[in-house]
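Within every chain, numbering begins at 1; the chains are lettered A, B, ... in the order of the sequence lines, protein sequences first and strands thereafter.
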Protein chains: 2
Amino acid sequence: MREDILDTGGAKKRITIHDVAAAAGVSISTASKALNNTGRMGDETRERVKRVASDIGFRPNALARGLLSKRSFTIGLLTNDTYGRFTLPVMAGVSEALVDHGVSVFLCAIEDDPALGQIHVEAMLDKQVDGIIATGKRLDRRLPVDLSNLPVPVVYAFTEGTPNSVTFRSDDAQGATLAVEWLLRSGRQRIAHITGPKEFFSVRERADAYSAAAGSAEPVLYGLWSESWGHDAIAEIWRRPGEKPDALFCGNDQIARGAVDALRERGIKVPEDVSVIGFDNWEIVAAQTRPPLTTVDMELKELGRQAGLTVLALAEGRPVEPGVRKLPCRLVVRQSCGGSTPRE
Amino acid sequence: MREDILDTGGAKKRITIHDVAAAAGVSISTASKALNNTGRMGDETRERVKRVASDIGFRPNALARGLLSKRSFTIGLLTNDTYGRFTLPVMAGVSEALVDHGVSVFLCAIEDDPALGQIHVEAMLDKQVDGIIATGKRLDRRLPVDLSNLPVPVVYAFTEGTPNSVTFRSDDAQGATLAVEWLLRSGRQRIAHITGPKEFFSVRERADAYSAAAGSAEPVLYGLWSESWGHDAIAEIWRRPGEKPDALFCGNDQIARGAVDALRERGIKVPEDVSVIGFDNWEIVAAQTRPPLTTVDMELKELGRQAGLTVLALAEGRPVEPGVRKLPCRLVVRQSCGGSTPRE
DNA sequence: GTCAAATGAAAAAACGTTTTCTCAAAAAAA
DNA sequence: TTTTTTTGAGAAAACGTTTTTTCATTTGAC
């Protein structure tokens, strides 16, 4: 072999069941049955075939197998979340749940481009995926591609689904309630809510739950999903006359971080003077904030896991009830909310 | 159909080339040749077959095709970067480069678990991937799985490869030089370098390039990859006697952000008093810092694109020279480095 | 008008499995 | 013994393509 040219590895011939059969001195049908524990044959024969197969390193060709069985042991994950902030945990959960079942995952990032989405969907269907999971960065938006009449099952995770589909999402209202109640139980009285744009469904949902739980007359501050908005919101609150809040519930961790920074700049101590709770548990923001943020985790990995198992069930023809499944959020307690530590 | 049970979609029979042949009144071989523009036949026949195929929505089964052609039009992307901070741009590049060629990408997140890695690799090989791209979060570490004797080509991207392999990585030295020279050209004289742990190869590489370019007697400050280290490093520098730096070149954006925050707390203005340049162009940190960070972008998407095209070339048997390919970095100028704006 | 060449299209083989069908030999029942 | 049942294992079909081979017609040259 020339040394300056890379070995492509393509030359090595793969071992087929024919090789196993030949080496074991049986027919391919016997070999197949031996390896799959089906059919009738002597124990000795079965064991010998298995041993030979393992010795020569036989691994069945999934393409050939899939051609016959109509199952490719492959699913597609479609996402428009370029950052991966939401997709990555979901993906991790899907993959984790399915790897045990021998299922691999195609990842298709389609931005917000319908044409690209179409291309990816077609490529996946051509490759005979057993199902598709659609995921996004927003609960109240559809992916820019029509998945309603596909020949394979579709499950939606963290994105708006079609009417009669299975959709997994986080229970944002419950998450918000969790945060507010924690603050109340730790003795906080005046909780403000600084959050993202009102157009987001999850913003309204969290805000409503906040109002219900806090029973507060405080107006909700709607703005952007950015640190600077968190910063500005604090300026706004402190500019206004009247009593200041002793706790903040923020719409996401970035806003919370901006708010914490703004408070520090004003010499207000977190958590001594003001408790702060964020949303998302985006580690990279929440854990690096000083002090580290208490925040609501949407359990996206678990969401992905369930979506994975569900699409698998559908692919296997097991019955699944359609509808929206809300998964509970979890409060991750770090140092940004103090007061008397409430009971667990 | 019962209404409370979801349509699995599995029932719909897929359209095969047999259906096309029957509908067009030709044999399947003629149908195949018509659709692939091969073989000899009358123009009228060819057009008729194509029209019929498109009318009834025929799409060839990639499994069957792959069985024969030994190409699955599928590659695997292996990563141990759970956060996706490095993997996501690489993945985006790979996918973007390959989607035009009809190639889909399996994403396998293997954490740092050798057993999990092994499982994923075997699953991919069973599915007859045409090649594998290994990517990670660190240039000087191997993935915890042996890819050296696979029957398919392997390309490494942003991770240490095996001796005779193709590896793509960023040219960190060039990137660091870019940053330092920009600062020098904008009139800065005393540039400090705050960076990550010395064990990282890229830290040493960037630091060496910094020293060479800055010609500086300033010692490099090694620490962690965190904001708080950036913060602490500023405290350390300002605690020491002597002249203070008028520019900082930081090992990553998080350190830079911590430094910028620390400077602000001391009433030192960025960029008026001190210019700051980061590394990574991690938008979520760099763009949200106040002021937004000038930073070095490693062009990971381009890196992914090239890795994708290379693994494709290898899969098709085209010759590729082994070795490490360093891709140039790019300076992304935002507001954190001022002084007189240097010429482009 | 005969033969060779070109054309159009079908038949058959192949890819690597799994599954159904068949069949001979051995064991059990009559 | 003869007949039936059980056992073990091979042959063949199937999955949906592509590719090679074959073959009957038509066309062109002499």
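Between A/Phe73 and A/His101, the shortest heavy-atom distance links the atoms CD2-O, 3.6 Å.
Rounded to an integer number of Å, the gap from A/Leu35 CG to C/dT19 P is 13 Å. Between B/Leu67 atom CG and C/dA14 atom P the separation is 14 Å, expressed in whole Å. In this entry the distance linking CG of A/Asn37 with C1' of C/dT18 reads 14 Å, nearest Å. As rounded to whole Å, 11 Å separates atom C1' of C/dA10 from atom CE of B/Met41. In this structure, A/Arg40 atom CZ and D/dG10 atom P are separated by 14 Å, rounded to whole Å. Atom-to-atom, CG of B/Asn61 to C1' of C/dT17 comes out at 14 Å; the value is rounded to the nearest Å. Atom CD1 in A/Ile17 sits roughly 11 Å away from atom P in C/dT19 (whole-Å rounding). Rounding to whole angstrom units, NE2 of residue B/His18 and P of D/dT17 are separated by 8 Å.
Distance alone, capped at 3.5 Å, places no donor-acceptor pair between the B/Asp113 side chain and the B/Ile110 backbone. In terms of modelled atom types and a separation under 3.5 Å, the side chain of B/Ser95 and the main chain of B/Met91 share no donor-acceptor contact.
Residue A/Arg65 places at least one side-chain N or O under 4.0 Å from the OP1 or OP2 atom of C/dT18. Contact check, A/Asn36 against C/dT18: a side-chain N or O comes under 4.0 Å of OP1 or OP2. Contact annotation: A/Thr16 does not reach the phosphate of C/dG16 (side-chain N/O to OP1 or OP2, under 4.0 Å).
Where B/Ala64 and B/Ser29 meet DNA chain D, the nucleotide closest to each residue was compared, and B/Ala64 sits on the side nearer the 5' end. Taking for each of A/Pro60 and B/Val26 the nucleotide of DNA chain C with the nearest heavy atom, the 5'-most of the two is the partner of B/Val26. Each of B/Lys70 and B/Thr30 was matched to the nucleotide of DNA chain C holding its nearest heavy atom; the match closer to the 5' end belongs to B/Thr30.
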Check against ring pair (Phe, Tyr, Trp, His ring centres under 6.0 Å), A/Phe106 and B/Phe106: CA-CA 4 Å; A/Phe106 285 123; B/Phe106 284 123; 4.1 Å; yes
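Looking at B/Met298 and B/Leu303, their side chains never come closer than 4.5 Å, going by heavy atoms from C-beta outward. Residues A/Gln306 and A/Arg325 form no side-chain contact, since every pair of their non-hydrogen atoms from C-beta on lies 4.5 Å or further apart. A/Met124 is listed as a side-chain neighbour of A/Leu78, based on a closest heavy-atom distance under 4.5 Å.
Each of C/dC15, C/dT18, D/dG10 was ranked by its minimum atom distance to the side chain of B/Leu68; first place goes to C/dC15.
As judged by a 4.0 angstrom heavy-atom cut-off over every strand, B/Ile28 is placed among the base-contacting residues. In this structure, B/Ser32 reaches the bases: a heavy-atom distance under 4.0 Å links it to at least one base atom across the strands shown.
Under the 4.0 Å criterion applied to side-chain N and carboxylate O atoms, A/Glu47 and A/Arg51 are not assigned as salt-bridge partners.
Remark: the A/Lys33 side chain and the D/dG10 base include a donor-acceptor N/O pair separated by less than 3.5 Å.
Taking the C1' atoms of five terminal pairs at each end of the helix from C/dG1-D/dC30 to C/dA30-D/dT1, the two resulting helix axes are inclined by 60°, rounded to 10°.
For A/Asp43, the CG atom is loosely surrounded, since the number of other residues' heavy atoms within 6.0 Å does not exceed 12.
Going from atom CG of B/Leu143 over to atom NZ of B/Lys137 covers 10.0 Å, rounded to the nearest 0.5 Å.
Using a 4.0 Å cut-off on heavy atoms, the residues of residues 43-59 of chain B that approach DNA chain C are B/Thr45, listed by number.
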